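In what follows, a single structure is set out as structure tokens and then discussed.
Computed from a predicted structure; not experimentally measured.
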Amino acid sequence: KAVIVERGRFRPVTRVNMAMLESAQTQLAEDSGIPPAETVTLFEMTMRTLMSDGRIDLRDFLSRAEVVAATGHTVLISDYFEYYRLAAYIARYTQRDIALVMGAPALPELFNEAYYQKLPGGTLEAFGRLFKNDARVYVYPMRDRTTGAIVTALDYRPEGQLASLYQFLLGRGAIVPLRNYREDVLGIVSQEVIELIQHGDPSWEDMVPVQVAGAIRRRGLFGYRPDR
């Protein structure tokens, strides 16, 4: 099957996380003719995102794993912080399309050259490895919190010589702005959901899938207390 991977902290899984996967499935069907039934969808967490103050917070990690499981999707725990390593790992197990899904705010991290200094070919080698097996990166838009404008992959402008590389990757379809997105969920931010849960504000339930809300209430996850 084809593989769609969404990386994140998932603290907790929100409606925008679910919308990103659905949008990627629709886009993959349009781009490659692969229906959702022939795709495997994964929520991926790298070990670096599991750390709190330099250590693994096991209770927090288990809470995130549980809410991901509540959605019915598979969770992948990896030690592949660099995207090209994640793509290479997945390519070992499928000969079909690989799509990595990220939100527009993650693009600066993807183009952070500091992550690729250990490679002999630096940034160019990293992107060569990432897109080696015709993998592609799907980018879900975000809403600017100041202006309210919707920001897509087409609005991102890397600095210096990376700007030309970015335009090249856009042009060849290696990086793809997701066209099918839901404006009503773009304002959801995981950290704000956590704060609402911990302050006893019930509005958080509208920001997460029903299954996730149920798991959080039943298990008292992320600081939820029914007496609040």
Side-chain angles (χ1 to χ4, degrees), residues 3-25 36 39-83 85-86 89-90 99-107 109-110 138-143 145 178 181-228:
V3 180
I4 298 174
V5 187
E6 180 179 339
R7 166 171 285 181
R9 290 175 57 85
F10 308 120
R11 192 177 184 266
V13 177
T14 65
R15 290 172 61 200
V16 70
N17 294 131
M18 303 300 293
M20 288 170 67
L21 275 187
E22 294 169 3
S23 178
Q25 287 182 315
T39 63
V40 173
T41 54
L42 303 173
F43 281 119
E44 187 262 351
M45 292 187 288
T46 179
M47 293 298 292
R48 185 174 298 194
T49 69
L50 302 182
M51 291 189 178
S52 177
D53 299 325
R55 62 184 180 83
I56 300 293
D57 186 336
L58 292 179
R59 178 173 297 184
D60 183 71
F61 159 62
L62 291 174
S63 297
R64 284 187 266 167
E66 185 165 347
V67 295
V68 170
T71 68
H73 291 278
T74 301
V75 59
L76 169 66
I77 311 296
S78 85
D79 195 29
Y80 300 133
F81 175 71
E82 298 87 355
Y83 279 94
R85 296 181 64 204
L86 175 62
Y89 172 76
I90 296 170
L100 306 178
V101 189
M102 64 174 63
L107 282 172
E109 185 173 88
L110 180 64
Y138 284 152
V139 183
Y140 202 75
M142 61 172 283
R143 187 181 296 280
R145 305 302 293 273
L178 284 170
Y181 59 88
R182 293 179 50 185
E183 289 192 39
D184 61 314
V185 302
L186 292 181
I188 297 175
V189 178
S190 294
Q191 183 56 41
E192 293 180 359
V193 175
I194 291 291
E195 292 173 359
L196 291 172
I197 291 173
Q198 295 176 348
H199 286 87
D201 186 330
S203 63
W204 67 268
E205 296 191 31
D206 295 328
M207 302 179 182
V208 301
V210 174
Q211 314 95 304
V212 171
I216 291 173
R217 289 195 303 268
R218 286 193 307 272
R219 303 284 292 177
L221 306 177
F222 306 117
Y224 173 80
R225 286 172 49 188
D227 60 319
R228 292 178 178 173

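Thr14 and Asn17 share a side-chain donor-acceptor pair at under 3.5 Å.
Heavy atoms only, all atoms of each residue included: Met20 and Met102 are closest at CE-C, 3.5 Å. Heavy atoms only, all atoms of each residue included: Ala24 and Leu178 are closest at CA-CD2, 4.0 Å. Contact record, Val139 with Gly103: CG1-C, 4.1 Å, taken as the closest heavy-atom pair. Residues Met45 and Gly8 come closest through the heavy atom pair CG-O, 3.3 Å. Taking both residues in full, the closest heavy atoms of Ile188 and Val16 are given as O-CG1, 4.2 Å, listed atom of the first, atom of the second, then distance.
When the ring pair (Phe, Tyr, Trp, His ring centres under 6.0 Å) test is applied to Tyr181, no partner is found at least two apart in sequence or on another chain. Partners of Ser190 by side chain to side chain donor-acceptor pair (under 3.5 Å), not counting sequence neighbours: none found. Taking Glu44 as the reference, Arg7, Ser78 meet the side chain to side chain donor-acceptor pair (under 3.5 Å) condition, with sequence neighbours excluded.
When atom types are taken as modelled, the side chain of Arg11 and the backbone of Arg64 share no donor-acceptor pair closer than 3.5 angstrom.
To the nearest 0.5 Å, the span separating CZ on Phe43 from OG1 on Thr74 amounts to 10.0 Å. Atom CD of residue Glu22 and atom OG1 of residue Thr41 lie 10.0 Å apart, to the nearest 0.5 angstrom. Expressed to the nearest 0.5 Å, how far CG of Leu100 lies from CG of Leu42 amounts to 10.5 Å. One distance of note links CG of Asp184 with CZ of Arg143; it measures 9.0 Å at 0.5 Å rounding. Here Gln198 contributes atom CD and Leu196 contributes atom CG; the two are 10.0 Å apart, rounded to the nearest 0.5 Å. If you take CG on Leu86 and CG on Asp79, they are separated by 11.5 Å, rounding to the nearest 0.5 Å.
The shortest distance between side-chain heavy atoms of Pro12 and Ile216 falls below 4.5 Å. A 4.5 Å side-chain heavy-atom check between Phe222 and Val67 finds at least one atom pair inside the cut-off. Side chains of Tyr224 and Leu221 form no contact here, defined as non-hydrogen atoms less than 4.5 Å apart. Considering only heavy atoms from C-beta on, Arg182 comes within 4.5 Å of Arg15 through its side chain. The closest side-chain heavy-atom distance from Thr71 to Phe10 is not below 4.5 Å.
For the pairing with Ile90, the side chain to side chain contact (heavy atoms under 4.5 Å, CB included) check across Ile4, Val5, Val40 returns one residue only, Val5.
The pair Glu192-Arg145 meets the salt-bridge criterion, with a side-chain N (NZ, NE, NH1 or NH2) lying under 4.0 Å from an Asp/Glu carboxylate O.
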